[in-house]
Structures are given as structure tokens and as C-alpha cells.
Amino acid sequence: MQRVDGGSRSWYFDLSLVLGYWRDGGAAGGARAYHHTAPINSVYALHEALELVHDEGLQARWDRHATAHAALRDALAVLGLPRLAPEGEQLHPLLAVTPPPDVDEAAVRGALLQDHGIEISGGLGPLAGRLWRVGVMGVGANPEPQERLVTALATLLGREAAPALDTLAAGWAAA
């Protein structure tokens with residue numbers, strides 16, 4: 001989102017403008033800068049995210065997300081839900097899996113949300129109706145929410161949860 005002159009096209013992405021607004025009270029010489037409210041929700045979100053990274057450590061956080069992704073990937077594979085992305089091309093905070101062809105993927109997603117309070121997303125564009133996108137970030141990059149998801153999916157797919165839960169636990173223990 002760069003302008004031709006190198007600046008950002010959006011207030012929300014122009015950190016130099018935000019910093020100038022805070023540091024200088026607007027602009028050099030005390031004149032007011034931009035006249036509207038700063039994107040305070042974005043600033044608070046950035047502050048909280050940086051606090052979380054600071055508390056855990058950046059490398060530890062990356063490692064936890066990689067572990068969470070691998071553990072959940074393996075557990076869902078036991079349920080017959082293979083990961084879409086080939087090894088080396090995956091995105092650790094997001095796990096895209098392919099439901100079995102005989103499963104109404106939208107109905108399962110609806111039941112996950114309605115009956116279990118768990119939300120996952122469907123595919124987009126040419127993958128609509130053909131995959132599930134599972135967030136493996138924030139709280140979702142921890143064992144307990146993953147256990148709830150695996151248990152709920154096993155129930156909805158009519159599969160035994162124990163082997164998948166054992167695989168999930170082994171993935172977390174290997175970290």
C-alpha cells in the first residue's frame with residue numbers, strides 16, 4: 001500500500017504520521033497534524049500484541065505456533081482430514097484441511113459453532129466448499145482449545161476421538 005512518493009496511502013499504515021502525531025503534538029513547530037482521531041483500536045491491538053511477544057519471547061512464540069500447527073495437523077489427519085499445503089509451504093497460524101468428500105462441510109462448520117462454540121472457516125474462491133481453515137494462533141495455539149476441536153470434530157464426523165487426541169498430546173509432548 002505505498003504511494004508513488006513512498007508514503008503510505010492509509011492513516012492506519014503510516015507509522016511516521018502516527019509517531020509525529022504523538023511526539024510533536026501534530027507537526028513540527030506545534031501545528032496540528034491530521035485532524036481526525038488516531039486509529040486507537042489498532043494502536044491498542046499493536047501494544048497488546050507486543051506485550052504478548054515480550055512476555056513469551058519472539059522465538060518461543062514462533063516455536064509454539066509451529067508445534068501447535070504440527071500437533072493439530074497430525075491429529076486431524078488421524079480423523080481423515082489431511083492438510084492442504086505441502087510441507088514447507090504451510091502457514092503455522094492457519095491450518096487448511098480437506099474434509100472427506102462425503103461430508104457436508106458447511107453443516108459440520110455450523111454444528112461446530114452452534115453446538116460446541118467453535119468457529120472455523122470454509123474455503124474461499126475455487127476452494128469454497130472443499131476445505132476448512134482453522135486458526136492456530138493466539139488461544140488456538142494451545143493444547144486445550146485444540147483438544148476441544150478434535151473431540152468435537154470426531155463426534156461430528158462419527159469417528160473415535162481417542163487416537164486423534166493421543167496424536168495431539170504426542171505432538172505437544174514432543175516440543
Strictly distance-based, threshold 3.5 Å: is any side-chain N or O of [X] a donor or acceptor partner for the main-chain N or O of [Y]?
{"X": "W172", "Y": "A68", "result": "no"}
{"X": "R133", "Y": "G122", "result": "yes"}
{"X": "E147", "Y": "P145", "result": "no"}
{"X": "R159", "Y": "T155", "result": "no"}

Indicate the atoms forming the closest heavy-atom contact of [X] with [Y], along with that distance.
{"X": "L131", "Y": "E105", "answer": "O-OE1, 4.0 Å"}
{"X": "A85", "Y": "Q90", "answer": "CB-CA, 3.9 Å"}
{"X": "A161", "Y": "T151", "answer": "CB-CA, 4.4 Å"}
{"X": "P143", "Y": "L168", "answer": "O-CD2, 4.3 Å"}
{"X": "L81", "Y": "P99", "answer": "CD2-CA, 3.6 Å"}
{"X": "H65", "Y": "G138", "answer": "NE2-N, 3.6 Å"}

- For residues Q146 and N142, is any side-chain donor paired with an opposing acceptor at under 3.5 Å?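 No - no donor-acceptor pair under 3.5 Å links their side chains.
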- Message: If you apply the rule side chain to side chain contact (heavy atoms under 4.5 Å, CB included), what do you find for L113 with I118, and how did you get there?
- Response: CA-CA 5 Å; L113 183 58; I118 299 171; over 6 Å; no
Does some side-chain heavy atom of [Y] sit less than 4.5 Å from a side-chain heavy atom of [X]?
{"X": "L76", "Y": "R83", "result": "no"}
{"X": "L112", "Y": "L149", "result": "yes"}
{"X": "L91", "Y": "V136", "result": "no"}

State plainly whether one hydrophobic cluster holds both [X] and [Y], where clusters connect Ile, Leu, Val, Met, Phe, Trp and Tyr through side-chain heavy atoms under 4.5 angstrom apart.
{"X": "V103", "Y": "L156", "value": "yes"}
{"X": "I120", "Y": "L94", "value": "no"}
{"X": "W62", "Y": "V53", "value": "yes"}

- Item | Distance (rounded to the nearest 0.5 Å) between D74 CG and L79 CG |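 CG of L79 is found 11.5 Å from CG of D74.
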- Message: So, taking the atom named CZ in R109 and the one named CG in L153, what distance separates them when rounded to the nearest 0.5 Å?
- Response: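 Going from the CZ atom of R109 to the CG atom of L153 covers 12.0 Å.
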- Mark yes when over 12 heavy atoms from residues, nucleotides or ligands other than Q114 sit less than 6.0 Å from its CD; otherwise mark no.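 12 or below, so no.
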- Query: Who are the side chain to side chain contact (heavy atoms under 4.5 Å, CB included) partners of E51, not counting sequence neighbours?
  - Reply: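 Here the qualifying residues are H47, D55.
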- Query: So, H69 versus H92, ring centres under 6.0 angstrom or not?
  - Reply: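 They qualify: ring centres under 6.0 Å apart.
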- Message: Any carboxylate oxygen within less than 4.0 angstrom of a Lys/Arg side-chain nitrogen, looking at E87 and R73?
- Response: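 Judged by the 4.0 Å cut-off on N to carboxylate O distance, E87 and R73 do form a salt bridge.
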- Message: Looking at E56 and R64, is there a salt bridge between them, counting it only when a charged N and a carboxylate O are closer than 4.0 Å?
- Response: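 Salt bridge between R64 and E56, a charged N being under 4.0 Å from a carboxylate O: yes.
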- Partner of W132 by side-chain contact (heavy atoms from CB on, under 4.5 Å), out of L127, V108, T98: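 Among the candidates, only V108 passes.
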